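These figures come from a predicted structure and were not determined experimentally.
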Amino acid sequence: SMPSKAYPHLPSAKLALTQAEAEALQAKAAELHISVVAEIDLPGHSRGLLEALPQLAAVSSKTGKPCTQINITSPEVIEILQTLLGEVMELFPGPMHHLGADEVSWSPECNMTKANYHRFINTMNQFVRSKNRSMIVWEGFDPAPDDAPPIDKTVVVSPFDSVHLS
């Protein structure tokens with residue numbers, strides 16, 4: 001995990017890079033002509049983030065209880081996520097940021113639909129591009145459903161599964 005000025009309780013103490021460690025990593029990478037690409041994996045793989053910031057969770061339309069998914073349709077949640085992404089991009093100032101965006105659990109009652117997912121990817125891409133970066137996501141998502149825009153062509157899609165290479 002990464003240190004956060006806006007949410008200082010976020011990093012796990014034993015696993016978080018300090019500002020100094022991030023700077024040292026960047027310096028060593030530059031020495032070796034390597035670009036470090038940071039990744040905050042959203043909206044999937046976010047259990048730790050939801051535990052630390054439960055207000056990010058969607059609420060089930062069936063049970064009224066918190067979901068195990070981030071509420072990707074909430075402007076307040078998007079603002080918090082963009083704050084975190086901005087902080088990570090300050091720590092790792094390279095030309096790209098990786099959003100992850102793979103292995104999402106679809107759950108319409110928690111607002112996690114393919115249409116909402118595509119909108120989320122595009123919203124986060126606009127934010128990353130506003131910081132003069134390119135955004136990378138893992139492949140594995142389906143084409144946009146009829147009620148959603150396609151994922152913007154400026155998003156770099158990185159394959160991880162040979163099934164999608166043909």
Side-chain angles (χ1 to χ4, degrees), residues 1-19 21-22 25-26 29 34-58 66-107 110-131 133-142 144 148 150-152 154-165:
S1 60
M2 312 287 178
S4 172
K5 294 173 190 160
Y7 303 96
H9 66 285
L10 270 186
S12 24
K14 293 182 180 178
L15 301 175
L17 287 177
T18 65
Q19 177 84 31
E21 290 169 331
L25 177 62
Q26 289 286 42
I34 295 170
S35 291
V36 177
V37 179
E39 176 183 0
I40 293 184
D41 204 343
L42 298 169
H45 302 289
S46 53
R47 183 178 58 199
L49 188 58
L50 288 170
E51 287 172 3
L53 296 172
Q55 69 268 33
L56 299 181
C67 299
T68 58
Q69 288 95 356
I70 290 175
N71 186 353
I72 61 172
T73 63
S74 164
E76 294 82 14
V77 168
I78 297 298
E79 187 176 327
I80 291 169
L81 297 177
Q82 289 175 340
T83 296
L84 292 170
L85 288 180
E87 289 183 336
V88 169
M89 287 190 280
E90 284 178 27
L91 278 175
F92 295 96
M96 305 189 99
H97 177 78
H98 206 304
L99 190 70
D102 62 319
E103 302 177 347
V104 173
S105 298
W106 306 117
S107 177
C110 294
N111 293 329
M112 191 60 74
T113 64
K114 291 178 183 179
N116 287 339
Y117 169 80
H118 280 243
R119 286 184 201 97
F120 174 77
I121 297 298
N122 287 336
T123 297
M124 300 313 277
N125 183 51
Q126 287 174 340
F127 175 75
V128 169
R129 290 180 59 77
S130 78
K131 303 291 184 188
R133 310 281 174 91
S134 296
M135 190 174 84
I136 307 170
V137 297
W138 293 114
E139 57 85 25
F141 46 83
D142 297 326
I151 291 176
D152 191 282
T154 62
V155 174
V156 177
V157 180
S158 183
F160 69 88
D161 183 341
S162 61
V163 171
H164 294 89
L165 293 176

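Panel note: side chain Y117, backbone A101; a donor-acceptor pair is recorded below 3.5 Å. Side chain of S74 to backbone of V77: a donor-acceptor contact under 3.5 angstrom is found. The backbone N or O of N111 lies less than 3.5 Å from a partner atom in the side chain of N116, making a donor-acceptor pair. E87 places a side-chain N or O within donor-acceptor distance of the main-chain N or O of A6, the cut-off being under 3.5 Å.
Inspection of the R119 and N122 side chains reveals no N or O donor paired with an N or O acceptor under 3.5 Å.
Atom CD of Q19 is surrounded by more than 12 heavy atoms from other residues, nucleotides or ligands within 6.0 Å.
To the nearest 0.5 Å, the span separating SG on C67 from CG on L50 amounts to 9.5 Å. In this structure, NZ in K131 is found 12.5 Å from NE2 in H97, a value given to the nearest 0.5 Å. A distance of 9.5 Å separates OG of S158 from CD of E39, quoted to the nearest 0.5 Å. Of the inter-residue distances, the one linking M124 atom CE with L42 atom CG reads 6.0 Å to the nearest 0.5 angstrom. Note: M89 CE to M135 CE = 10.0 Å, rounded to the nearest 0.5 Å. Note: S105 OG to H45 NE2 = 9.0 Å, rounded to the nearest 0.5 Å.
The two residues Q26 and P93 come nearest to each other via the heavy atoms NE2-CD, 2.9 Å. Of all heavy-atom pairs between A38 and F92, the closest is CB-CD1, 3.8 Å. The nearest pair of heavy atoms linking L84 to S4 is CD2-OG, 3.7 Å. In this structure, P43 and I72 approach most closely via the heavy-atom pair CB-CG2, 3.7 Å. When all heavy atoms are compared, the tightest approach of W138 to P159 is CZ3-O, 4.0 Å. Between A115 and A148 the shortest heavy-atom distance is CA-CB, 3.4 Å.
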| said: Go through it in stages, so that I can follow the logic: the residues are I121 and D152, the test is side-chain contact (heavy atoms from CB on, under 4.5 Å), and I'd like the CA-CA distance, side-chain angles, deciding distance and then a yes or no. | reply: CA-CA 8 Å; I121 297 298; D152 191 282; over 6 Å; no
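Considering only heavy atoms from C-beta on, Q55 stays 4.5 Å or farther from N71 through its side chain. Put simply, the side chain of D41 does not reach to within 4.5 Å of the side chain of E103, judged on heavy atoms. Taking 4.5 Å as the limit, every side-chain heavy atom of S35 sits out of range of all side-chain heavy atoms of M96. Inter-residue side-chain proximity for L99 and F120 is flagged as met; some heavy-atom pair is nearer than 4.5 Å. Counting heavy atoms from C-beta on, the side chains of L81 and F127 never come closer than 4.5 Å.
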